Structure formats: C-alpha cells, structure tokens
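The structure appears below as structure tokens.
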2 protein chains.
Amino acid sequence: MTAYKRHIDNTAISDLTVARLSVYLRCMDRLLELGIETISSQALADRFNLNSAQIRKDLAYFGEFGVRGVGYNVRELRQYVVEILGLDRERRLIIVGAGNLGTALCHYSGFSGGNFLVVGILDSDPSRIGDPTPAGLLVEDAARLGEIVTQRQVEIGVITTPASAAQSISEKMAEAGLKVILNFAPIRVRADEGVLVKTVDLGVHLEELSFHLTHV
Amino acid sequence: MTAYKRHIDNTAISDLTVARLSVYLRCMDRLLELGIETISSQALADRFNLNSAQIRKDLAYFGEFGVRGVGYNVRELRQYVVEILGLDRERRLIIVGAGNLGTALCHYSGFSGGNFLVVGILDSDPSRIGDPTPAGLLVEDAARLGEIVTQRQVEIGVITTPASAAQSISEKMAEAGLKVILNFAPIRVRADEGVLVKTVDLGVHLEELSFHLTHV
DNA sequence: CGGACCATGTGTGCATTTTCACAAGCGCGA
DNA sequence: TCGCGCTTGTGAAAATGCACACATGGTCCG
Ligand SMILES: NC(=O)c1ccc[n+]([C@@H]2O[C@H](COP(=O)([O-])OP(=O)(O)OC[C@H]3O[C@@H](n4cnc5c(N)ncnc54)[C@H](O)[C@@H]3O)[C@@H](O)[C@H]2O)c1
Ligand SMILES: NC(=O)c1ccc[n+]([C@@H]2O[C@H](COP(=O)([O-])OP(=O)(O)OC[C@H]3O[C@@H](n4cnc5c(N)ncnc54)[C@H](O)[C@@H]3O)[C@@H](O)[C@H]2O)c1
C-alpha cells in the first residue's frame, strides 16, 4: 500500500496511458460505491467497456499491483493510481478569465474529490474585479498574476479568456513559474520547452459530432 | 466550390483525422482574418505547428482541393471543410442539467460561428424549472425531453447533470431519437449501436496535468 | 509553345498503440 | 505438501497512425 515503482527508466509514458489511469480511478470509485473489494482485469473490462490486456499493460508500467489467480484489491489499486497521478497532495490552481466558463469552473469543487483547489480567479476587466463568485472567492486583477502564483503556491493555470488573450496569458503564466496550463480558449498556444499547455476545445468535440451526423 | 467527394467507400475516417479537420478550419479562419487568400500545406504547417504531409493526407480522404505548384485557396478550402464536417447547416441541440456548466454552455453562442443552436435547457429540479438563463431561454421540465426533441428537430444532446443521472438521460435521449450525445458527466456511458456518446471529462485533463507535475 | 519550377497527392516504410496468447505465479482444497 | 484452476504480467503480432520522399501535374515566364 506504500510506494509504487516510480517510473524512472528512460521510456516515457504515453499520454493515452495516463488518461486511461484517470478512467481507472473513476472505475475504482464506482466499484467501492458498489461494495466490490476485489476485481479481475477481465471483470473490470466487461463492466466498464474496456480491454483487459490494456488495463494490465497500463498498470505494469508502474509496478505489480495484482495477485495472480485472484485479481486486484480495489481499495489498494485506487490508492496506487492516486499516487501515480500525483493526486495524494493538494494541487492549487488559478483561473484567468472570470466569464461564464471561468465562474462555472470556479464553483465546481468536485475535481477528483477535492484535491484540486481553486485559490484565485482573475480578470482584466475593471468592472469585474472585486465581484464575488458563487464559491466565495473575489475576482482579482489579472495584473497581479505573478504575485498571486508565488504567494499562494499555485501549480496549475487555467485559461478561460477569449482566444485573443490566451497566448499572452500563457506566456505570463510561464513567466510566473507555472509548468502546466489548461487552456479552454479555441486556439493552439505555443509554449516554451518545459511548459505543458493542454487545450480543451469544446468546439472541436461538437464538430466531431456534426461530422458523424452527416456521414451516417 | 460545390460538393466534395463524399466519403462513401468502405474505409472509415479516423476520429483523429476528423478532429484535425476542425483544427484546420480554425486555421483557415485565422488566415482570412490576416488577409491571406492562398497557402501551401508547408506554410500552413509552419505557421500553426502542424505536419504538411498529414494535412494533405487528411484532405485527400475527401477529394483534391489544392492546385499543384500553387497550394490551397483558403476561402475555398474553408468551405470544403465546412461541408465535410456538416457545418453548412444549423445543428440544434438541447442541454439537460441547468446547473453551473449547463448554463455556461447555454450562454455560449460562439460555437463555430453560430451553426450550433441551443434550443432548450432542461432540468428535473422543480425549483429550477421556469428560471430564465442569461441567453433568454427558460429552463424546462426534463420529463418533456422526448416531446421537445421531436418538436424542435433537435439533433444533438448535451448532458451536464451529475454522473449518477447521465446513463439514464443518455438512454432517454437515444429513445427520443438522438444519435449523438456530448456528455460532461465523469462517467463512461454505455450506448446502443448507432448512438455515439462522446464524453468530455475535465477531471481527466486536470489529472493528466497532475501526472506531469509529479513526473518532472 | 515549351520547359523550368513548385506544391500536391500518394506509395512506402517507420513508429506507436492495441490486441493476442501464454508462461509464470498465487491460492485453495485434498 | 502437491496439484489444479485461475489471473496476472509480458513477449510477440496485428493494427493503426505518422512521416518521408517522389512522381504527377499544374503554373508561369521567356
Ligand atoms: N462559455 C462556454 O460555455 C464555453 C464553451 C467552450 C469554450 N469556451 C471558451 O472559453 C473562453 C471563455 O468563454 P466565456 O463564455 O467564459 O467568455 P466570457 O466572455 O464570458 O469571459 C471571458 C472573460 O475573460 C476576461 N478577459 C479578457 N481578456 C483578458 C485578459 N487579457 N486577462 C484576463 N482576463 C481577460 C473578460 O473580461 C471576461 O470576463 C472563450 O475562449 C470561449 O471560446 C467557452
Ligand atoms: N461545473 C463545472 O465546472 C464542471 C466541470 C467539470 C465537470 N462537470 C460535470 O458536469 C456536471 C454538471 O456540473 P455542474 O457543476 O453544472 O452541476 P450542478 O449541480 O450545478 O448542476 C447539475 C444540474 O443537473 C440537474 N439534474 C440532476 N439530475 C437530473 C436529471 N435526472 N434530469 C435532469 N436534470 C437533472 C440538477 O437539478 C442540477 O440543476 C457534473 O457531472 C460535473 O461532474 C462540471
């Protein structure tokens, strides 16, 4: 139940594997809700529409968590995945852009059971600064970004401004020392080496659905 | 400028290709803003950090849109991509779950230049029904889903309820005739053959970022 | 009108990801 | 204690995705 084999060798872990680990975590949570304490990779795959070999291979990058002939202990495996994903400590984040999406995210405390903590929401519009959000935070001046990141030990930046501001904000975030950024603006942001910008473009998803509608 | 070679042969188009077409569309929009009317795949790749061969191959599934020795006409190519993605007609969608995220999405009219139209927002909570949203729609009773889908010719369903309700809502949507569903609840929804459920789990993205933070 | 030039469209090979299939290992019951 | 049954962990194969490189076929200029 303690440490997992930290991935130290030179082979990089694929993004796809990491994303699936998140999915497995949700599966564990669901199983615990159902009172299931032990499960085989096959039963897991059947229940959640996954592939059993892929589950085993994904986990094998980080250690041997199962018992042959038996399967996995759900509670233990959940804890291992939590450690692998780095969810065993608080992650502080700020949101830049206190519009519709920014405030919705701010209010949403349910991220992974409270490990992600919104410690600031910033905007450049003077008429919005000082506004309270439903979550109890006040909107602060985006010009104070660097200062806030340092003082509140922020690790993650979230961009919910219009696309036109996204590039410059990501640069300011990188300058302030943030290493990972989640960008909701529909634009491909360029980032320096060592800074990871993950863009989530909801428009792309809707357009994929539109494609499926037109192509039977 | 009329029709593109409709993909009718047996080879399926990859999801990754479709997602990239959306990206190309945004690139075209940006180029037109800049007043650029013609561009080669190489110049496009350089400017937006893409691969020129991949651009050509993605487009080649649907026809020959370029001119050898010259490149692509930006305006024309944009129109072709619009047709390929089925964005040349209005797509009506309803949102089920009038909470934080649901209302934020409802208010967001900027989807692909207005081709996606929110024609209803539903909730099961009696105290929310009748509430106005910033966009001018009133929240309606989720029990009327089937009726609303038929009357308003809805094609796309969006789920922004808690995870516990997502499965049953997606089934009701499928029953009402919807063929594609965008699900924001953090749960893997099972769907019948012929119904496409695309889940966008924001928690997964944050957890990916957390992984990168812990693994240098 | 012809040839030099240039970027597309595509055949081919490489890389990554997924799936298969089985030897190795653990528990349990006799 | 031993063997049987079950599931893991893992090489090897299949499938998928990506990138190179060049023949093809237009443009344009002399
Ligand atoms: N609302 C949605 O449902 C939704 C859905 C998909 C994508 N998006 C994208 O998310 C982004 C935000 O959407 P929204 O609906 O919340 O928009 P919004 O207009 O409601 O909010 C944007 C906020 O950003 C602020 N802002 C602008 N420039 C800034 C800067 N330089 N520094 C700090 N703050 C700045 C504005 O003052 C405003 O408050 C957009 O890029 C949009 O395309 C939104
Ligand atoms: N708010 C966010 O920023 C955010 C971010 C990521 C993911 N999500 C996910 O999106 C979903 C919605 O989040 P939210 O913050 O808007 O939650 P919310 O609680 O504000 O809203 C949920 C709404 O769904 C309604 N509802 C519940 N059961 C229903 C049913 N059976 N039929 C119709 N309506 C029903 C509720 O009455 C409520 O109005 C959740 O699954 C959440 O995990 C939200």
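In what follows, chains carry the letters A, B, and so on, assigned in the order in which the sequence lines appear, proteins first and then strands, with residues in each chain numbered from 1. If you're wondering where the values come from, they're calculated on a predicted model, not measured in any experiment.
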Can you pull out every side-chain hydrogen bond (donor to acceptor under 3.5 Å, both in side chains) where at least one residue sits in residues 153-163 of chain B? Sequence neighbours excluded, please.
Arg89(B)-Glu155(B), Arg91(B)-Glu155(B)
Can you list, by residue number, the residues of residues 32-44 of chain B that have a non-hydrogen atom closer than 4.0 angstrom to DNA chain C?
Ser40(B), Ser41(B)
By salt bridge (Lys or Arg N to Asp or Glu O under 4.0 Å), which residues pair with Glu171(B), not counting sequence neighbours?
none
What's Ser14(A) touching, base or sugar-phosphate or nothing? Going by heavy atoms closer than 4.0 Å.
sugar-phosphate
Output all residues satisfying salt bridge (Lys or Arg N to Asp or Glu O under 4.0 Å) with Arg20(B), sequence neighbours left out; order by chain, then residue number.
Asp58(B)
Contacts of type side chain to side chain contact (heavy atoms under 4.5 Å, CB included), residue Asp123(B), not counting sequence neighbours:
Ala98(B), Asp125(B), Arg128(B), Val139(B)
Between which nucleotides of DNA chain C, read 5' to 3', does contact with chain B run, using atoms under 4.0 Å from its heavy atoms?
dC6(C) to dT12(C)
Need to verify one output field. Residue with the more 5' nearest nucleotide on DNA chain D, Arg20(B) or Lys57(A)?
Lys57(A)
Got a sec, which residues hit salt bridge (Lys or Arg N to Asp or Glu O under 4.0 Å) with Arg30(A), two or more places apart in sequence or on another chain?
Glu33(A)
Sequence neighbours excluded, which residues qualify as side chain to side chain contact (heavy atoms under 4.5 Å, CB included) partners of Ser40(B)?
Gln42(B), Ala43(B)
Range on DNA chain D touched by chain A, heavy atoms, distance below 4.0 Å
dC6(D) to dA12(D)
Would you mind telling me which residue lines up with the more 5' stretch of DNA chain C, Arg56(A) or Gly69(A), judged by nearest nucleotide?
Arg56(A)
Residues in salt bridge (Lys or Arg N to Asp or Glu O under 4.0 Å) contact with Arg92(B), at least two apart in sequence or another chain:
Glu90(B)
Scan for salt bridge (charged side-chain N to carboxylate O under 4.0 Å, His left out) pairs involving residues 188-199 of chain B, sequence neighbours excluded, and state none if there are none.
Glu208(A)-Lys198(B)
Categorize Leu16(B) for me: base, sugar-phosphate, or nothing, with a 4.0 angstrom heavy-atom threshold over every strand shown.
sugar-phosphate
Work out which heavy atom in Thr38(A) is nearest to a heavy atom in Val74(A); give both atom names and the distance.
N-CG2, 3.7 Å
Walking DNA chain C from its 5' end, the first of Arg68(A) and Gln54(A) to be reached, judged by nearest nucleotide, is Gln54(A)
If you take all heavy atoms of Ala176(B) and Gly146(B), which pair is closest and at what distance?
CB-CA, 3.9 Å
List the residues meeting side chain to side chain contact (heavy atoms under 4.5 Å, CB included) with Asn51(B), not counting sequence neighbours, and say none if there are none.
Ala53(B), Gln54(B)
